[in-house]
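Encoded as structure tokens, the structure appears first; notes follow it.
All residue numbers refer to positions in the sequence shown, counting from 1. Order of listing sets the numbers, starting from 1, for every ligand and every atom in it.
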Amino acid sequence: MMKEIQVGLIGLGTVGSGVAKVLFDNAEVLAQRMGGKLRLKKIVDLDLDRPRPVKPPRKMLSTRVEDILGDKGIQIVVELIGGMEPARTFILAAISRGKHVVTANKALLAVHGSELFRAAAAHGVNIAFEGAVGGGIPLIRALREGLVANRIDHVYGILNGTANYILTRMTREGTTFAAALQEAQAHGFAEADPRLDVEGVDAAHKIAILSALAYCCEVDFEQVYIEGITNIDPVDIQFAADFGYRIKLLAISRCDGDRIEVRVHPTMIHRDHMLAKVEGVYNAIQISGDAVGDIMLYGLGAGMMPTGSAVASDLVDLGRNLLAGVRVRMPPLACSEEAIVRRQVKPMDELVLTYYFRFSAVDRPGVLSKIAGILGNHDISIAAVIQKGRQEKGSVPVVMMTHEARERDVRLALAEIDKLPVVTAPTRLIRVEDGERAAEGVSESLSA
Ligand code: HSE
């Protein structure tokens, strides 16, 4: 008879329903590939009456988490309720009772990952989290296994489907931010609190987790720089297009000696860059390793079935270990405990990047030279300038692209410029990825 691994699922929301559905619908293929049966024994949720795309048998359902945690037969607990508490308490309780854990809880892992991983190591169990980053894309597995031979130089990309969907709709159809967000919520890929998506926090959770894996380290989530897309004005999308660029919410992480860069912010990338072509709810992540070079992974980064597929892959992974009589084949960060270091996140002020500025200034002789003078005093060199329209009264947008400049100088220069009486609104800044190449490209596209 085929051996079975018993599974308890906490949380029957969007992703939980996807996991249950894939376990029911693809039971046969899962059993063939695992060499044993994954038996979903108990599902716990506070609301059992909500209409759902799956209809598990009533006796499988419960509102009491103890029905899973206290069941000695259940070897793997899947936590899909999200958020900090009670998810953290449930996971720690499962670990302390010797159960393996599968979670897609990026917020919890980004903030409390080290605590959970230590607890798991102390109890000889594993935590798997493929569904936490990149939805259905096997990104965690790529870093843990496929790229294990590499020193990773950088990982960056589009890690929030909702923000990418909104920016795509704003760019392609001129949809308002609010309408595009509503559509994303209707499709079910936005977070329960969509501020996590549009303010960049969700992408920051994900890049913090990827950084820990890529550089074998602990990351203090408080040090991650986060800026969302709520201030992106359609006019900036248009100016970016005029320069040959798209605006994307990028999550960026780089290894820099003992320190790392970890940041999330709207970024201008050239329209020919592969990431510029990633649209809608799709995610794409570029990873650069010293042996493999650059690779890119692309796919659906959110949604019921893609994330359900990722969670189920973890169940198979842990199930295979159990069937082989192995409790922990590989620690969660795929790095021995003694090799894990704490890395400082490089302060934003020290970064050297190229920038897009949109000034709102009165249209009068001498204004541009005042702005340019302050930039020059702060060592910021201008690569291109455009001003559209002419207004005797009121203000006009003056748009500039810079050569490489230090972020601290930029911050100080803009603070000074925004105090000028001729400047009528705070200057908008968007960072440009690809450094000098971008600035050169802009000069060329403007002179063509
Ligand atoms: N809200 C997330 C997104 C879901 O839009 O990408 C997947 O983590």
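Shortest contact from atom 6 (O) of ligand 1 to any protein heavy atom: G161 N, 2.7 Å. In terms of protein heavy atoms, atom 8 (O) of ligand 1 is closest to K106 NZ, 2.5 Å. For atom 2 (C) of ligand 1, the nearest protein heavy atom (residue, atom name, distance) is E191 OE2, 3.1 Å.
Within 6.0 Å of CD in E66 there are more than 12 heavy atoms belonging to other residues, nucleotides or ligands.
In the model, R141 has a side-chain atom that pairs as donor or acceptor with a side-chain atom of S313 under 3.5 Å. Between the side chains of E407 and Y355, at least one donor-acceptor pair of N or O atoms lies under 3.5 Å.
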May I have the step-by-step check of side-chain contact (heavy atoms from CB on, under 4.5 Å) for Q223 and K346, ending in yes or no?
-> CA-CA 8 Å; Q223 294 181 2; K346 194 170 170 182; over 6 Å; no

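Against a heavy-atom cut-off of under 4.0 Å, F189 is close to the following atoms of ligand 1: 1 (N), 2 (C), 3 (C), 4 (C), 5 (O). Close approach to D197 involves these atoms of ligand 1, each under 4.0 Å from a residue heavy atom: 1 (N), 2 (C), 3 (C), 5 (O). Of all the atoms in ligand 1, the ones that sit under 4.0 Å from a non-hydrogen atom of G301 are 7 (C).
Proximity of a side-chain donor or acceptor of R52 to a complementary backbone N or O of L12 within less than 3.5 Å is detected. Looking only at distances, no side-chain donor or acceptor of N150 sits under 3.5 Å from a matching main-chain atom of I152.
Closest approach of L23 to A312, counting heavy atoms only: CD2-CB, 4.4 Å.
With a 4.0 Å heavy-atom cut-off, ligand 1 is reached by the backbone of T162 and by its side chain too. Of the heavy atoms in T307, none comes closer than 4.0 Å to ligand 1.
Within the 4.0 Å heavy-atom shell around ligand 1 one does not find G135.
At under 3.5 Å, not a single nitrogen or oxygen of A302, backbone or side chain, sits near a nitrogen or oxygen of ligand 1.
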